[in-house]
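Data block below; observations after.
Lettering follows sequence order; numbering is per chain, from 1. Bear in mind that the values here come from a model prediction, so they are computed numbers and not experimental data.
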Protein chains: 2
Amino acid sequence: MNKPCLSANDIQERLQNAGVQPTLQRLAICKFVLNEADHPTADDVKEWADVNLGKISQATVYNTLNTLVDAGILKEFKFPHSGKVVYDCNTHDHFHFVDESTGKIYDIDPADVKIDIAIPKKFKVKDIKLVLKGEIK
Amino acid sequence: MNKPCLSANDIQERLQNAGVQPTLQRLAICKFVLNEADHPTADDVKEWADVNLGKISQATVYNTLNTLVDAGILKEFKFPHSGKVVYDCNTHDHFHFVDESTGKIYDIDPADVKIDIAIPKKFKVKDIKLVLKGEIK
DNA sequence: ATATTTGCAAAGCCTTTGCAGGGGA
DNA sequence: TCCCCTGCAAAGGCTTTGCAAATAT
């Protein structure tokens, strides 16, 4: 995964442009998810925050992540293999590959996938979710 | 959806072949899901059972459905748009189309979909989940 | 007689919500 | 000041689990 590595300023700007007050918690969580984390769950974020931010409440973690999702800064995904929501700093349309042994998630560029669907034309497809599962050699 | 409409005997046989004791509840639920229901949730099954079987416990509904899944008679799916597990009597590999306005789920024959994935060959794809969302005209 | 299955209730997991206190604009 | 943010705890939705009573082989 190739993280863009945004500066604190970049992040503050993004939050403000999205109309989100750049509080300490939001800046920190946003920085973590955008620069360091790889498809973290709320729990992952909470654990990181406990270590790196001092105690923060679970509710704030959820609220913050939801705020960032609403602001379009993050995307959330649910995968079949886990009950937990996963946050993705890649907000572009894309697909996923799940390593079945580790659970690690890899983004797949839709340009690398060609999908031809021959279903009756009354089905108007507006959104495609593709999740590949397998192993990595 | 084209249900095969199995007789009570067919179903009893299927359960027994799978090594599952054909109790009243299992036969009834199995018959409902195989013959009548369309991608029901555990809740849907419970509601149906309350009306058609006399009271049954929620736990038994879940246990029964899990037993049927383990036996390979049903498949379970989780979709991003709902937190609930959905049961499918189509145990063959297949994809799904979700009507975004009603939530109704349609099975898609994999033969109708061609997927070409050009990702590095270290990714060994063993399983493909494809969920289409859209509307039906 | 022995192994399953059922029902009930309680607990579990993940997430959201209510409310009071606190901090920033 | 005023509004939004935070923290805590409680509740919510879905599913599983523990245990005793009922049932099947």
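When the ring-ring contact (aromatic ring centres under 6.0 Å, His included) test is applied to B:H81, the partners found at least two apart in sequence or on another chain are B:F79. A search for side-chain contact (heavy atoms from CB on, under 4.5 Å) contacts involving A:S57 returns A:A59, A:T60, not counting sequence neighbours. With sequence neighbours excluded, the residues forming a side-chain contact (heavy atoms from CB on, under 4.5 Å) with A:D50 are A:K46, A:K55, A:I56, listed by chain and number. Remark: A:N9 pairs with A:S7 by the side-chain contact (heavy atoms from CB on, under 4.5 Å) rule, at least two apart or across chains. Among residues two or more places apart in sequence or in another chain, the ring-ring contact (aromatic ring centres under 6.0 Å, His included) test is passed with A:F97 by B:F123.
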Under 3.5 Å, which N/O atoms of the protein pair with N/O atoms of nucleotides 13-15 of chain D?
residue: D:dC14; atom: OP1; partner: B:K84; partner atom: NZ; Å: 3.4
residue: D:dT15; atom: OP1; partner: B:V85; partner atom: N; Å: 2.7
residue: D:dT15; atom: OP2; partner: B:Y62; partner atom: OH; Å: 2.5
residue: D:dT15; atom: O5'; partner: B:Y62; partner atom: OH; Å: 3.4

With 3.5 Å as the limit, what N/O pairs link the protein to nucleotides 4-8 of chain D?
residue: D:dC5; atom: OP1; partner: A:R26; partner atom: NH1; Å: 2.7
residue: D:dC5; atom: OP1; partner: A:R26; partner atom: NH2; Å: 3.1
residue: D:dC5; atom: O5'; partner: A:R26; partner atom: NH2; Å: 3.3
residue: D:dT6; atom: OP1; partner: A:T23; partner atom: OG1; Å: 2.9
residue: D:dT6; atom: OP1; partner: A:Q25; partner atom: OE1; Å: 2.9
residue: D:dT6; atom: O3'; partner: A:Q25; partner atom: NE2; Å: 3.3
residue: D:dG7; atom: OP2; partner: A:S57; partner atom: N; Å: 3.3
residue: D:dG7; atom: OP2; partner: A:T60; partner atom: OG1; Å: 2.8

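Under the 4.5 angstrom side-chain criterion for Ile, Leu, Val, Met, Phe, Trp and Tyr, A:L24 has no cluster partners at all.
Contacts classified as salt bridge (charged side-chain N to carboxylate O under 4.0 Å, His left out) and involving residues 128-137 of chain A (residues at least two apart or in different chains) are given here: A:D127-A:K129, A:E135-B:K126. Residue pairs meeting the salt bridge (charged side-chain N to carboxylate O under 4.0 Å, His left out) criterion with at least one partner in residues 8-29 of chain B, sequence neighbours excluded, do not occur; the list is empty. Sequence neighbours left out, the pairs with a member in residues 66-82 of chain A that pass salt bridge (charged side-chain N to carboxylate O under 4.0 Å, His left out) are A:K75-A:D93.
Mapping heavy-atom proximity under 4.0 Å, the span of DNA chain C touched by chain B runs 5' to 3' from C:dT4 to C:dA9.
A side-chain donor-acceptor contact under 3.5 Å links A:H39 and A:D107.
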